[in-house]
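A short write-up of the structure that comes next.
Bear in mind the structure is a predicted one, so any value in this text is a computation, not a measurement.
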Amino acid sequence: TVNLNSCDNINPDCSHRLCFHLDQNYGGYRAGCTVGLNGDSTWRKVVYKSSLPTCGVQYDYKECDLIQKGYVKCYEQPYSRATSSADLAACSGSEYVFVGAKTSTKASLFAIGAFGVTSNAFKNTYEQNKAVLDAGGAYWYRHPGWSFGFASSSTVNLNSCDYNNPDCASRMCWHLDQNVGGYRAGC
């Protein structure tokens with residue numbers, strides 16, 4: 001519930017409220033419980049924008065959107081082929097990475113994928129039951145000799161690859177540094 005008397009002036013849950021005047025001759029009003037900021041020159045109103053989606057795990061994401069954003073393909077192999085740490089290292093030369101799975105070489109959509117900061121997504125975690133949150137909103141893990149992947153929650157169950165089923169649609173896992181390919185792209 002909000003009460004717009006030009007700006008939101010309700011106090012319950014005030015720490016979760018932000019309001020600044022729009023298209024008027026004065027500026028801000030509130031930042032959380034701090035109100036009356038109309039004439040304050042110290043507090044700053046800030047908005048960030050980015051061409052990098054930060055929505056965590058993606059579904060049915062268009063490959064052409066990646067290309068338009070300047071992403072360059074650095075690895076593509078069938079699920080039947082083993083993935084090595086060297087394969088991932090070949091993709092570590094940029095700030096951001098998109099990791100995903102398509103149903104075929106010619107598919108124009110990724111059935112599942114996630115954006116991340118490369119250094120976070122490719123960081124060795126060595127945890128069997130916990131993935132690490134990236135600024136992009138996906139939880140990543142990389143356990144050399146076991147697996148590499150992501151999920152929409154920090155809870156994973158690596159028995160080589162993540163076989164956790166809660167939120168299975170948001171999980172992707174590849175065996176890493178083994179003699180087998182696979183393992184999952186969603187459920």
Side-chain angles (χ1 to χ4, degrees), residues 48-187:
Y48 283 89
K49 68 176 186 173
S50 173
S51 61
L52 176 71
T54 56
C55 300
V57 179
Q58 304 287 314
Y59 308 96
D60 298 324
Y61 195 83
K62 295 178 183 177
E63 187 171 26
C64 65
D65 288 348
L66 284 175
I67 295 165
Q68 289 173 351
K69 292 179 189 312
Y71 282 79
V72 176
K73 188 185 303 180
C74 54
Y75 178 76
E76 181 174 347
Q77 293 294 331
Y79 258 72
S80 60
R81 184 188 176 275
T83 303
S84 70
S85 289
D87 294 328
L88 297 180
C91 295
S92 61
S94 63
E95 187 174 358
Y96 301 105
V97 66
F98 176 84
V99 176
K102 300 190 311 181
T103 58
S104 71
T105 302
K106 294 185 180 192
S108 62
L109 295 176
F110 288 92
I112 186 171
F115 288 90
V117 175
T118 305
S119 60
N120 293 340
F122 290 174
K123 181 180 179 179
N124 291 336
T125 56
Y126 299 107
E127 294 281 341
Q128 187 174 354
N129 297 309
K130 185 177 179 187
V132 179
L133 179 64
D134 177 67
Y139 291 83
W140 296 87
Y141 55 89
R142 179 182 175 188
H143 195 304
W146 278 37
S147 57
F148 165 75
F150 60 80
S152 64
S153 73
S154 64
T155 304
V156 294
N157 197 345
L158 304 183
N159 184 7
S160 184
C161 245
D162 178 21
Y163 67 92
N164 235 11
N165 281 325
D167 303 317
C168 64
S170 69
R171 297 175 183 276
M172 193 189 85
C173 185
W174 302 339
H175 292 291
L176 186 62
D177 300 323
Q178 298 185 42
N179 293 324
V180 294
Y183 166 75
R184 86 182 304 166
C187 298

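- Contact annotation: the side chain of Tyr59 approaches that of Ser170 to within less than 4.5 Å [non-hydrogen atoms, C-beta and beyond].
- The two residues Ala169 and Cys187 have their closest heavy-atom pair at N-SG, 3.3 Å.
- Rounding to the nearest 0.5 angstrom, the gap separating the CH2 atom in Trp146 from the CD atom in Glu127 is 11.0 Å.
- Of all non-hydrogen atoms in Ala131 and Tyr139, the two that sit nearest each other are CB-CB, 3.7 Å.
- Taking the six-membered ring where the residue is Trp, Tyr75 and Trp174 present tilted rings, their angle falling between 30° and 60°.
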Gln77/Thr83 under side chain to side chain contact (heavy atoms under 4.5 Å, CB included): CA gap, chis, key distance, verdict: CA-CA 8 Å; Gln77 293 294 331; Thr83 303; 6.0 Å; no
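- Counting heavy atoms from C-beta on, the side chains of Thr125 and Trp140 never come closer than 4.5 Å.
- To the nearest 0.5 angstrom, Asp87 atom CG is 11.5 Å from Ser92 atom OG.
- Side-chain atoms of Asn157 never come within 3.5 Å of backbone atoms of Asn164 as a donor-acceptor pair (strictly under, hydrogens ignored).
- For the residue pair Tyr183/Ser160, the side-chain donor-acceptor check at 3.5 Å is not satisfied.
- If you take NZ on Lys102 and OH on Tyr79, they are separated by 12.5 Å, rounding to the nearest 0.5 Å.
- Atom CG in Asp177 sits 7.5 Å away from atom CZ in Arg142 (nearest 0.5 Å).
- A heavy-atom distance below 4.5 Å is found between the side chains of Val117 and Tyr96.
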Verdict with reasoning, Leu176 to Ser85, per side chain to side chain contact (heavy atoms under 4.5 Å, CB included): CA-CA 7 Å; Leu176 186 62; Ser85 289; 4.0 Å; yes
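- Counting all heavy atoms, side chain and backbone alike, Ala151 lies closest to Val156 at CB-CG1, 4.3 Å.
- Taking both residues in full, the closest heavy atoms of Glu63 and Ala107 are given as OE1-O, 3.8 Å, listed atom of the first, atom of the second, then distance.
- Checking side-chain atoms of Arg171 against main-chain N and O of Pro166 turns up a donor-acceptor pair under 3.5 Å.
- Side-chain atoms of Arg184 come within 3.5 Å of backbone atoms of Asp162 as a donor-acceptor pair (strictly under, hydrogens ignored).
- Remark: side-chain polar atoms of Ser80 are not paired, donor with acceptor, to backbone N or O of Gly181 under 3.5 angstrom.
- Here OG of Ser147 is found 4.0 Å from CG of Leu158. Values are rounded to the nearest 0.5 Å.
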Thr118/Cys91 under side chain to side chain contact (heavy atoms under 4.5 Å, CB included): CA gap, chis, key distance, verdict: CA-CA 8 Å; Thr118 305; Cys91 295; over 6 Å; no
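- Tyr71 pairs with exactly one of Phe110, Phe115, Tyr61, Phe98 by the ring-ring contact (aromatic ring centres under 6.0 Å, His included) rule, that one being Phe115.
- Closest of all the heavy-atom pairs between Val99 and Phe150 is O-CE2, 3.6 Å.
- In terms of heavy atoms, Asn179 sits closest to Ala82 at C-CB, 4.2 Å.
- Residue Lys69 holds its NZ atom at 10.0 Å from SG of Cys64, rounded to the nearest 0.5 Å.
- The number of heavy-atom neighbours closer than 6.0 Å to NZ of Lys123, taken from other residues, nucleotides and ligands shown, is 12 or below.
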